[in-house]
Number of protein chains: 2
Amino acid sequence: MSSLKDVANLAQVSLATASRALSRPETVATLTRTRVEGAAHQLGYQPNMLARSLRQRETRTIGLIVADLLNPFHALLAKSVQDTAERHGYVAFLLNSDEQEGKESRAIDTLRGHLPQGLIIVPTSGFARRLGSLPRLPVVELDRVSGAPGVTTVTVDNVGGARMATQHLIDLGHRDIGMIVGQLDISTAVERHRGFLETMRRAGLSYRPDWVLSGHHREDDGHRAARKLLSVPGDRPSALFVGNNEMTVGAVLAARDLGLRLPHDLSIVGFDDSRWAQTMFPALTVISQPTEQLGTLACEHLVRQLAYAHSGNAQLALPARVLNKAAPIGPVRVQLPTELIIRHSTSPPALVFG
Amino acid sequence: MSSLKDVANLAQVSLATASRALSRPETVATLTRTRVEGAAHQLGYQPNMLARSLRQRETRTIGLIVADLLNPFHALLAKSVQDTAERHGYVAFLLNSDEQEGKESRAIDTLRGHLPQGLIIVPTSGFARRLGSLPRLPVVELDRVSGAPGVTTVTVDNVGGARMATQHLIDLGHRDIGMIVGQLDISTAVERHRGFLETMRRAGLSYRPDWVLSGHHREDDGHRAARKLLSVPGDRPSALFVGNNEMTVGAVLAARDLGLRLPHDLSIVGFDDSRWAQTMFPALTVISQPTEQLGTLACEHLVRQLAYAHSGNAQLALPARVLNKAAPIGPVRVQLPTELIIRHSTSPPALVFG
DNA sequence: GTGAAAGCGCTAACAC
DNA sequence: GTGTTAGCGCTTTCAC
């Protein structure tokens, strides 16, 4: 690996001039500039970011931690953050916490050592406590909120989405509705649960605590919960609202295992659309989320914060669409709408009671 | 952010001693060690990896580039590489080339600036040409081979897998078999194609060039290709071998759109198992790959190379399972077996000719 | 417009 | 065992 010194030597200029020619070309005579550029190119010179960052005290790097890389929702979040970061001249290093607090902690420490200028995270429930170890680092929470103070959050209207899902089932004539919800120490689960309860209550429907089962967010959990909810033939819900994409798959498979046919014997609404929601049989009615936009916005808000943190007029470097919004300094909370997509996993109940 | 200097001051020792106490505790008196550790803990000290790496000329970092983060196969590859890297004391920074040469180039340059000690990549077809810009960097190609000389490759037996898939269809009685294959500048596509052709020929079946369609690797391509292959009612294959997971979804949906029912009207075998291969209707017969192991092995081979590259007795740091294999210095080519999983998308053809 | 020199935070000789 | 010092590759005053 050739260094800037090699370039300077080859171009017959001093180290300082070589540096300037490459990073701030306008401060150098045209002739020397081309000479230096030529030398750099000839040597395949690539600046050593470690040295540059150490000196400049800024890495142009942001940390990105998702909770479950294998969940396509998180993968898309990650991709859109990375693409947006690149567009703004940052590189986002992606780590995966696997929904484990311990792994999340280690990921944070790892990133910390590499001095990211900001952090975008789909937090686990332990994150609020860990936040203290990140002094003055701009943080954006994505999809979920940990309750940590002073962080920007970019989420979806989970309560509203859950209301739509539940109301859809009620409108179809269902009265015996159960819910499979995620871990109740995760904000999305809590909010979707709240939307469900509210809507049930408002419709005057009875609340059956034993018909609301909580699980972690994986397919297994959905399978287990659904199995439990559906295995009492005479006394089971006629419809299910499932609070996340992976668990929905599990629930559908459990129903299938029990010989229940969707939507005739059981209606299911899932939260989050996905490839398999569309390809399963029957195609799933779901609440869909603007996933890509979620990632993009999270990143743009972070970038904006970084620009303001660093210099008074750094805004000039930002694209208009980021700037056109009023430019707040502090943390903001962005909430995007969801949408009900009606497919074939929901229909009126086979037997209407009452 | 407090630095080592702050720790040294607080512990009342010199900078050097503080450094030693933290990185090589055995070289320091027990008392001073505990004092330094206490100070470090109290300050929430986190070593600055930029400075350490700059000085030590090693970053304990590896670059990881996958071609399509949204493809669950690649996501699992990425996760298993990252987990394995962590287990060996490295951090793998994950970037996504999106199957685009340009993005791959930029990803490589980005990584280069951060001085990774090795690179694990699912290469696009342009990678072999780019390799020159990576002087002396150990590289492991994962899943695909670009043809670049001197790199370790960890792949699956694609020819064998394609043979099994094709033979399975032939054994069921199919004679009119088509294939949807990926880009023919990607090794996996070429090899799967080869396995298909060989097996057809060996069975004495005629080769219909117009029944072999190539596409990029996404769902759309599979959809388009299948639509084309299946739209001539009297003259269409009775079975299809589809060369990758995403395209298989597209093919199945296209068949559905055309009113063909699987497996009665059409048999389909896919390559690579996935969540939706299992949940689709009907569940898909596929060639499955040891995806996680692929990622793990790629990383372990890279780590081994790094150990040998750096010091004669670095092996001591490696776990037994890596060492038990004979320890080659040069690049190796690892090839893992695939497996045929028979589900419900294949059956004997409705009409048997001949 | 250009060069000399200091210093980012850390580790590794080398003294003591 | 511990301290002093040089230097990793770069940017940035400060002179000229």
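Per chain, numbering begins at 1; letters A, B, ... match sequence-line order. Note: hydrogens, waters and symmetry copies are ignored here, and every other heavy atom, side chains too, is used.
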Return a table of donor-acceptor pairs under 3.5 angstrom between the side chains of residues 2-11 of chain A and protein atoms on other chains or two or more places apart.
residue, atom, partner, partner atom, Å
A/Ser2, OG, A/Leu43, O, 3.2
A/Ser3, OG, A/Lys5, N, 3.3
A/Asp6, OD2, A/Ser3, N, 2.7

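Following rounding to the nearest Å, B/Arg33 (CZ) and D/dT2 (P) show an atom-to-atom distance of 12 Å. Rounded to an integer number of Å, the gap from B/His114 NE2 to D/dC10 P is 13 Å. Look at CD on B/Glu58: it is 21 Å from P on D/dG7, rounded to the nearest Å.
Applying the ring pair (Phe, Tyr, Trp, His ring centres under 6.0 Å) test to pairs two or more places apart or on separate chains, those with a residue in residues 104-151 of chain A are A/His114-B/Phe93.
Ion pairing between B/Arg130 and B/Glu104 fails under the 4.0 Å rule for side-chain N and carboxylate O. For the pair B/Asp185 and B/Arg144, the salt-bridge criterion is not met [side-chain N within less than 4.0 Å of a carboxylate O]. Using a 4.0 Å cut-off between charged side-chain N and carboxylate O, B/Lys103 and A/Glu86 make no salt bridge.
Of the candidates A/Leu302, A/Thr61, A/Leu306, A/Tyr90 forms a side chain to side chain contact (heavy atoms under 4.5 Å, CB included) with just one, namely A/Leu306.
Backbone-only contact: A/Thr32 has heavy atoms under 4.0 Å from sugar-phosphate atoms and none from a base.
The side chain of A/Thr17 contributes no N or O atom lying less than 4.0 Å from OP1 or OP2 of C/dG1.
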Where protein sits on nucleotides 8-16 of chain C, one letter per nucleotide: B base, S sugar-phosphate only, - none, heavy atoms under 4.0 Å: BBBBBB---

